[in-house]
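Report on the structure given below.
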Amino acid sequence: MAFEVPNMLFALPEMLMLAMCCIVLLVVAFTGNRQINLVHALSQLSLLITFLTVFWMMGEGGLTFSETYIKDPLSDILKLAICLVNMLVLSYSYSYLQARKLLQGEFYVLALFATLGMLVMVSAHHFLTLYLGLELMSLCLYAMVAMQRDSFAATEAGMKYFILGALASGMLLYGMSIIYGVTGELGIQAIAVALDTEELNQTVLSLGIVFLVIGIGFKFGAVPFHMWLPDVYQGAPTAITLFVASAPKIAAFALLIRILTEGMGDMLSVWRDMLIMLAVLSIILGNLLAIAQSNLKRMLAYSTISHVGFLLLGVLAGTQAGYAAALFYTLVYALMTLGSFGMILLLSREGFEAEEIEDFKGLGQRHPWHALMMLLLMFSMAGIPPLAGFYAKLGVIKSVVDVNLLAVAIVAVVMSVIGAYYYLRVVKVMFFDTATDKPHIAATTSMQYLLSGNVLAVLLLGLFPGSLFALCSRIFS
Amino acid sequence: MEKLLFYFFAGILLFAATMVITVRNPVRAALFLVLAFFTSAAIWLMLEAEFLAISLVLVYVGAVLVLFLFVVMMLDIDTSALKEGFTRYLPLGLLVAVLIVLELIAVLGAANFGLDQVPVPEGSDESNTKTLGRLLYTVYVYPFEIASVILTVAIVAAITLTLRPNKRKTQDPAEQVKVRSKDRVRLVKMASEKRQDGKGKP
């Protein structure tokens, strides 16, 4: 095979990120936890540098590193989103982790390496790099979930996540090996070409796709591969739940798009049925089970499952508009998750986790501004206009209707009405129940401002969804 | 002859793999895993993938499994706790397993993956090691680098989860030398107990 010298410049964000990971690792190794503020600042700086580099390099793109790496508008926008989301996650987590003695250098090292894994995944255009990026990210996440060693729930969550995650990775690998067996290719583009030009064995291809979909479904947490999600979300310390819940979903979206639509685009009729099953089950089960929860983190976990179902709706439509709607949904979902888990972090203080819905009782009297923010978030998640969540839901449902999958769309609409119940319950508890005590807010002022900004972004995106929507459509065109 | 050898090794491999998950004793399971690795190395040798075969034996059998055996021997694994619920979940598990196996056989059987379906790749004259080395550092240099990052993360994660600075058991020789017998031994006088049921002599 002739070897072409790769265009290394395309991978500059990853290289900078890796270099910064190593610097932070060294700083942590030599200063321990004494200079934790320096480590925090360095981590934020590395995310910022990566963000700016990606932003600066937007535009031209292409395949490089022997077609294992791709730089295209999709990878650019997802990388920007991942860096931004992780910067917010680190800022929100600071005081929570500090109060629980979890503010260790290792947290930052693992978070940065996980970010690197996400960047690799987003830019991967080869089964090998996709898998390696996924593993890099997942390994960090497993360790982060189990970091609170004294907590039984966190250790159990970490163990569950690890075992089920390893199983899912195995499934994904098996699917990839079957696809390789049929097409003789591992590169996404080469597979797409092979599917397009050659007469291949459809039965075996379908079997391979089944395993791929299982692997992807697990990483998203779609029913019936959702078992790990509520336990991990509830068991892990809230700051780490926030990390697991937000940016990895953006990376998983890249995994889905690269494998199913860019690689297996010709097999749409095969994987569409599987995704319909996953999406409908996720929407139904996620919404119904969320009603029964009294723990807010667990409720948000089930609501995540239903959001994943909605996101899959856009992809299974199989149209460019559908992919764009799914991308919009992913970005909005990441923002809303940041806000809602951020709110739990904001109200938590030393020795107290604001993770029960009861803990939000009377928030409207205690802290009207924060209660208003939470109200906006819950309304957005329920899909009430004029918030971003509404346009996200509208977009995916519209794309499903456009391809004449009316039954699926009806299920989605009915279930989102049912889902509104548990979001509104939180609002009711906040505004119509009286508070039992009036604790102060321990979070730093900067975090309160950031969180407010985050929620107002959700509102702004709802009032003016046009620009982001246009951006998403331009990427898939 | 080659076919015969393949079936011989494949048979042993399947047997060893089944034993790994069915034997009671974890040490035996690990030893069967060694056997499974050896036979798969033999199959790779027959495919003319010498480098992979040798590295499988060296890395997995030589290093990883020896460590694994150490860990298994040091851990006190309660096998009865592991078996809990085994019979309860057996019917469902068996049903699912049989279904999956049947489906896989139907798809991956001789009809789709038979010898006439998949052309035998042409052997190359070049050495296996050389080809692999060249590919790793040229075409697959990017995945190769990521793999190295993953290994770094693995060690960071392992240390994060196991090292606890404030609970470390360390020895202080000075303290050990200074110790006196009365620091360690305490003599306690106790009255002899009477038997509760009143039978026999106290």
Side-chain angles (χ1 to χ4, degrees), chain A residues 1-6 8 11 14-15 18 21-22 25 28-29 32-33 64-69 104-107 109-110 113-114 116-117 120 123-124 126-133 135-137 139-140 142-144 146-147 149-150 155 158 178 181-182 184 201 203-204 206-208 210, chain B residues 21 82 92-93 96 99-122 124 126 130-168:
Chain A
M1 197 191 289
F3 174 62
E4 202 180 310
V5 177
M8 304 255 184
E14 280 86 354
M15 290 182 207
L18 178 58
C21 284
C22 295
L25 184 60
V28 169
N33 292 329
T64 181
F65 287 110
S66 313
E67 301 195 347
T68 56
Y69 184 97
Q104 297 161 3
E106 289 86 355
F107 169 76
V109 173
L110 289 174
F113 272 115
L116 178 66
V120 169
S123 265
H126 194 272
F127 276 165
L128 208 52
T129 33
L130 271 174
Y131 178 71
L132 286 171
E135 281 303 284
L136 179 54
M137 178 188 88
L139 272 180
C140 297
Y142 304 147
M144 286 168 84
M147 242 174 79
R149 287 270 313 275
D150 299 321
T155 325
I178 292 175
V182 184
N201 190 326
T203 331
V204 185
S206 314
L207 185 77
V210 169
Chain B
I21 53 171
L82 291 177
L92 189 66
V96 173
L99 275 179
I100 291 181
V101 167
L102 285 181
E103 282 174 13
L104 286 182
I105 288 176
V107 180
L108 300 178
N112 293 327
F113 274 98
L115 279 179
D116 45 339
Q117 242 71 32
V118 183
V120 181
E122 273 182 43
S124 137
E126 215 178 31
K130 199 171 163 188
T131 318
L132 266 179
R134 206 178 48 224
L135 280 180
L136 269 188
Y137 289 102
T138 54
V139 176
Y140 293 111
V141 62
Y142 180 64
F144 186 68
E145 291 295 326
I146 303 169
S148 71
V149 178
I150 292 182
L151 289 180
T152 317
V153 164
I155 196 160
V156 172
I159 291 175
T160 311
L161 292 183
T162 48
L163 185 73
R164 329 187 79 187
N166 41 3
K167 287 201 180 173
R168 207 163 17 177

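Throughout, protein chains are lettered first and strands after them, A, B, ... in sequence-line order, and every chain is numbered starting at 1.
- Within a 6.0 Å sphere centred on CG of L102(B), other residues, nucleotides and ligands contribute more than 12 heavy atoms.
- Taking CG of L104(B) as the start and CD1 of I178(A) as the end, the distance is 7.0 Å to the nearest 0.5 Å.
- Here V204(A) is the residue among L110(A), L18(A), V28(A), V204(A) with the most heavy-atom pairs under 4.5 Å with chain B.
- Heavy-atom distances place both the backbone and the side chain of L136(A) under 4.5 Å from chain B.
- Remark: of the listed residues L151(B), V153(B), V156(B), V153(B) is the sole one forming a side chain to side chain contact (heavy atoms under 4.5 Å, CB included) with L139(A).
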*Could you give me the CA-CA distance, side-chain angles and deciding distance for Y142(B) and V120(A), then say whether side-chain contact (heavy atoms from CB on, under 4.5 Å) is met?*
CA-CA 10 Å; Y142(B) 180 64; V120(A) 169; 3.8 Å; yes

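- For the options T138(B), T160(B), V141(B), I146(B), heavy-atom pairs under 4.5 Å to chain A are most numerous at T138(B).
- Heavy-atom minimum distance, T129(A) versus P143(B): CG2-CG, 3.9 Å.
- T203(A) is linked by a side chain to side chain donor-acceptor pair (under 3.5 Å) to N201(A), counting only residues two or more places apart in sequence or in another chain.
- The contact between L132(A) and chain B is made by backbone and side chain atoms together, counting heavy-atom distances below 4.5 Å.
- Every side chain to side chain donor-acceptor pair (under 3.5 Å) that E14(A) has, sequence neighbours left out, goes to Y69(A), K79(A).
- Of the atoms belonging to V109(A), it is side-chain heavy atoms, and not backbone ones, that fall under 4.5 Å from chain B.
- The choice from I159(B), V149(B), T152(B) that makes the most heavy-atom pairs within less than 4.5 Å of chain A is V149(B).
- For L108(B), the part lying under 4.5 angstrom from a heavy atom of chain A is the side chain only.
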